[in-house]
Amino acid sequence: GAEGTNIINNRVAAFIAGSSVATAPAIAFTYTSQDQPTELLNGDKVQVSFGSGHLVFQYIGDDRLDPSNTLDPVNLAAENFADPTQWLLLSPAYDLVVEALSTSSIDALVGAVSAAVGGGLVGGAGSIGVSLARNLIGFDSVDDTSGGGNQVLAYIQNSNVASSGAIRVTASATDTIEKAVSFSGSAAISAGVGAVSLAGAGAEATNHISTTVHAYSADSNASALGDIQVEALSDVQIKRTDAIGAALSVAIGIGGAASVAVSIVDNLIANDVQAFMSSTAAHTVMSGGNLSVVADVQQARIADVGAITASVSAGLFAASGGGIDIDNVVDNTVNAYISGASLAVMALGDVMVSASEEAHIEADATDVTISISLGAALGVALLDNRIASDITASIVGAQVGSTNTSILADSIADISKTSTTSVSASLVAATGNRAGADIATLVHAFTHSATLMSTGEVVIRVARPTLHGHPPMVGPSAPWR
């Protein structure tokens with residue numbers, strides 16, 4: 001037998017925690033915005049508080065002189081620094097970027113071949129071949145049901161941050177299983193008056209992927225002159241999976257032969273993709289542009305999945321059996337939200353909270369069993385494809401002010417191919433086929449106990465799910481005699 005197990009459990013993290021960070025560099029200034037000078041001259045520079053940092057503006061208007069000291073002081077706190085005819089922003093637009101990126105890839109080929117030959121007055125031969133290909137991303141073993149061990153995290157926590165440009169918090173994971181091929185072959189040949197041959201072959205290909213992809217701002221104050229973006233992005237592909245099992249058993253003489261071949265494929269994609277802003281105490285997030293919180297499974301694709309078994313036995317008395325079991329499942333959790341009763345989020349532009357997924361599955365199975373004898377042949381092929389992700393976008397408890405506010409949830413689910421074929425040939429032959437395709441994705445968009453203040457539109461929408469569930473195809477299952 002042969003076994004190949006590949007495990008990836010990494011932790012990639014980029015974060016600001018328990019800190020105060022500002023991107024604007026230090027620039028010499030004449031006054032602060034809290035000062036009240038008696039005069040203000042063209043060219044004077046004023047430092048203005050901005051979040052946890054500062055910006056510097058230069059006065060470009062006419063001199064405000066008071067040679068006789070009879071005028072009120074200039075109240076800089078009341079100045080409109082956004083007036084381009086009076087003030088020029090000197091602080092350059094530096095972005096604040098917190099970015100965690102991960103790329104994982106596996107390419108596996110595992111095979112086992114065995115053979116046995118026996119002869120004599122009473123001849124016997126037995127052969128068994130077993131091949132196991134197991135590729136795990138985010139799991140410790142094939143028995144691990146919790147997953148999430150592969151982690152990609154980008155976050156701002158318990159901090160005060162300010163940017164003269166944009167703030168971008170991005171966690172992005174790309175997980176790919178290029179190829180997982182498991183094959184096994186077994187042959188047993190015996191000759192004699194009482195010849196007995198037994199051959200068995202089993203091939204298993206297992207691909208389990210569960211990556212935690214989180215991007216967030218938690219219990220923090222954040223301010224940016226530009227956009228604020230919090231994005232959790234996932235791209236998962238299982239490009240090719242094959243399990244091939246072949247068994248040949250021959251008894252020459254007066255005797256019997258039996259052969260069994262089994263192929264199993266188990267594919268699972270179950271990522272946890274979350275983007276959010278949250279707070280358990282009073283905090284403020286301010287954007288001079290647009291603000292977006294996006295959780296997006298750009299693709300969760302299981303493609304080119306196949307399983308083949310061939311079981312052949314020959315002798316005066318012979319029996320052969322073949323079986324295929326394929327399970328393909330996409331079951332992601334995709335969540336984007338803003339939450340916290342004491343959290344205030346304000347944007348001069350639009351606010352968008354969006355959760356989305358695009359999932360695809362295609363697979364087929366072929367099973368052939370032949371018994372050349374006074375015997376029997378049985379073939380069974382089972383195939384199940386299922387997409388059952390949970391996709392949610394929400395604003396809960398928070399106060400949100402914007403031009404337009406959107407809460408969007410979207411799903412594309414496509415099971416393009418689900419087909420099985422099983423053929424049995426013998427004096428007594430039987431086959432059984434089952435092919436199932438199930439799309440059970442849950443998509444939610446809502447707000448609860450929140451205050452939404454927009455000068456334009458407030459849109460809460462679950463986009464009509466795009467479902468492409470092609471009918472399962474069950475090939476010929478009638479036995480051939």
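This one's a predicted model, so the numbers in the text were calculated from it and none came from an experiment.
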ask   = Considering only heavy atoms from C-beta outward, does the side chain of Ile209 approach that of Asn271 to under 4.5 Å?
value = yes
task = Flag yes if more than 12 heavy atoms outside Glu178 fall under 6.0 Å of its CD atom; otherwise flag no.
result = yes
request  = Return yes if some donor-acceptor pair links the side-chain N/O of Ser220 with the main-chain N/O of Ser159 below 3.5 Å, else return no.
outcome  = yes
message = Has Ser454 got a side-chain atom pairing as donor or acceptor with Gly456's backbone, closer than 3.5 angstrom?
response = no
inquiry  = Does Phe81, at its CZ atom, have more than 12 non-hydrogen atoms belonging to other residues, nucleotides or ligands within less than 6.0 Å?
reply    = yes
key: Spatial distance of atom OG1 (Thr241) from atom NZ (Lys179) [nearest 0.5 Å]   = 11.0 Å
task = Mind checking the OG1-CG spacing from Thr211 to Asp175? Nearest 0.5 Å is all I need.
result = 3.5 Å
query = Would you say the side-chain atoms of Asp227 pair up with the backbone N or O of Asn290, donor to acceptor, closer than 3.5 Å?
reply = yes
task = Decide whether Asn6 and Asn135 meet the rule of one side-chain donor and one side-chain acceptor closer than 3.5 Å.
result = yes
ask   = Is the backbone N or O of Thr70 less than 3.5 Å from a side-chain atom of Asp66, with the two atoms forming a donor-acceptor pair by type?
value = yes
ask   = Could you give the distance from CD (Gln237) to CD1 (Ile177), rounded to the nearest 0.5 Å?
value = 11.0 Å
task = Check whether the side chains of Asp296 and Ser354 place a donor and an acceptor atom closer than 3.5 Å, and report yes or no.
result = no
key: Asn9 side chain vs Gly138 backbone, donor-acceptor pair below 3.5 Å   = yes
key: From OG (Ser217) to CG (Leu343), nearest 0.5 Å   = 8.0 Å
inquiry  = Can you tell me how far apart CG (Asn80) and CZ (Phe57) are? Round to the nearest 0.5 Å.
reply    = 9.5 Å
inquiry  = Within this structure, what is the OG1-CD1 distance for the pair Thr392 and Ile407, rounded to the nearest 0.5 Å?
reply    = 12.0 Å
request  = Grab the two heavy atoms, one from Thr30 and one from Asp44, that are nearest each other, plus how far apart they are.
outcome  = OG1-CA, 3.8 Å
Side chain to side chain, Glu357 and Val330, heavy atoms closer than 4.5 Å = yes
key: Heavy-atom check, side chain of Leu89 versus side chain of Leu225, under 4.5 Å   = yes
